[in-house]
Amino acid sequence: MSSKIILGENQYGKAEVRVVKITRDTNRHEIEDLNVTSQLRGDFSAAHLEGDNAHVVATDTQKNTIYAFARDGIGSPEAFLLRLGEHFTSSFDWVSGGRWEAESYAWNRIQAHGSEHDHSFVRNGQEVRTAVLVRDGATSHLISGLKDLTVLKSTESGFVGYPRDRYTTLPETTDRILATDVSARWRFKTGTDFSTLDFNKSYEDVKGLLLEGFTEKYSHALQQTLFDMGTKVLEAHSEIDEIKFSMPNKHHFLVDLSPFGLDNPNEVFFAADRPYGLIEATVQRDDATAAPAAWSGIAGFC
Ligand SMILES: O=c1[nH]c(=O)c2[nH]c(=O)[nH]c2[nH]1
């Protein structure tokens with residue numbers, strides 16, 4: 001007996017809509033720079049099975065909606081995604097949910113002649129801010145985050161006490177460089193009234209806590225430092241239920257300068273780009289309700 005072929009899970013939309021919004025009510029302009037992806041979920045079986053597009057809100061329309069909504073201001077990536085999600089699910093009966101994602105790029109004002117310029121900006125070379133909204137009917141999962149936040153501490157890190165077998169060559173050290181590119185995503189408690197949250201303030205606060213957590217204590221391993229970073233965020237933010245990390249251990253190897261008759265008291269390093277350790281973990285509240293639907297589609301975290 002042959003099995004029946006049916007349509008499984010599906011979503012569709014416009015990916016990576018690059019939108020730059022300049023607010024120019026005064027001579028002092030503001031810039032918001034986003035890369036937005038919109039994907040709708042719902043009853044799209046006729047399109048897949050019969051070629052009937054009556055339910056297919058065109059990806060071109062989704063793109064246009066993003067630009068049109070930006071005309072009213074973006075505010076924060078999270079608030080912008082929440083607006084999009086509400087719009088598409090309330091405007092089309094058969095759109096029961098979707099997934100909206102954004103990256104946000106920060107710009108600083110150019111310092112010119114001792115003051116910050118009104119309308120000239122330089123891209124902030126630090127981290128990229130991220131946001132994901134997954135909506136299913138009335139349930140919304142919201143995840144904020146960042147990636148490529150490169151940090152390094154030049155001491156107060158070591159790695160000892162690990163098992164040694166016939167393949168172990170790594171020398172123990174109590175003083176090494178610890179460096180990583182922090183990728184972190186934190187999920188707001190499902191059911192939170194998102195309209196009460198100041199996402200920009202909360203983002204800056206979480207980023208500050210992550211940086212403090214990275215540096216505050218002596219690191220016995222990147223794993224321990226990761227947990228410290230997550231703990232600080234969850235202790236300070238009751239509205240966040242879990243935070244996931246993916247962090248490369250960017251090894252810095254001491255260069256042997258003895259062939260040149262020189263010592264090397266932890267001063268000259270070879271910064272290897274690969275291979276790298278890859279440390280991933282979730283730090284969560286023990287009473288948090290798991291939300292696998294929120295995380296599906298986010299690559300690179302465990
Ligand atoms: O912080 C570290 N964690 C590890 O798991 C590990 N493994 C390794 O070789 N060096 C390190 N450093």
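Note that ligands are numbered from 1 as they come in the structure, with each ligand's atoms numbered from 1 the same way.
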- Query: Which of the atoms in ligand 1, numbered in the order shown and given with their element, are less than 4.0 Å from a heavy-atom of Ala221?
  - Reply: 1 (O)
- Query: Is any side-chain heavy atom of Val182 closer than 4.5 Å to a side-chain heavy atom of Phe214?
  - Reply: no
- Message: Tell me the contacting part of Asn249 for ligand 1: side chain, backbone, both, or neither, using a 4.0 Å heavy-atom threshold, strictly below.
- Response: side chain
- Query: Which option out of Tyr162, Phe159, Tyr276 puts a heavy atom nearest to atom 8 (C) of ligand 1?
  - Reply: Phe159
- Note on the structure: Note: heavy atom closest to atom 9 (O) of ligand 1, options Thr225, Thr169, Leu170, Thr168, belongs to Leu170
- Message: Does either side chain, that of Thr231 or that of Asp228, offer a donor lying less than 3.5 Å from an acceptor on the other one?
- Response: no
- Message: Going by the closest heavy atom to atom 12 (N) of ligand 1, which one wins out of Gln224, Arg176, Gln223, Met247?
- Response: Arg176
- Mark up the atoms of ligand 1 that fall under 4.0 Å of a heavy atom belonging to Leu222, in ascending order. 1 (O), 2 (C)
- Item | Exercise: do Lys244 and Thr282 side chains pair donor with acceptor under 3.5 Å | yes
- For side chain to side chain donor-acceptor pair (under 3.5 Å), just list the numbers for Asp165 and Thr168, CA-CA rounded to whole Å, side-chain angles, deciding distance to a tenth of an Å, and then say yes or no. CA-CA 5 Å; Asp165 69 4; Thr168 307; 3.0 Å; yes
- Answer whether the closest heavy-atom distance between the side chains of Trp94 and Val56 falls below 4.5 Å. no
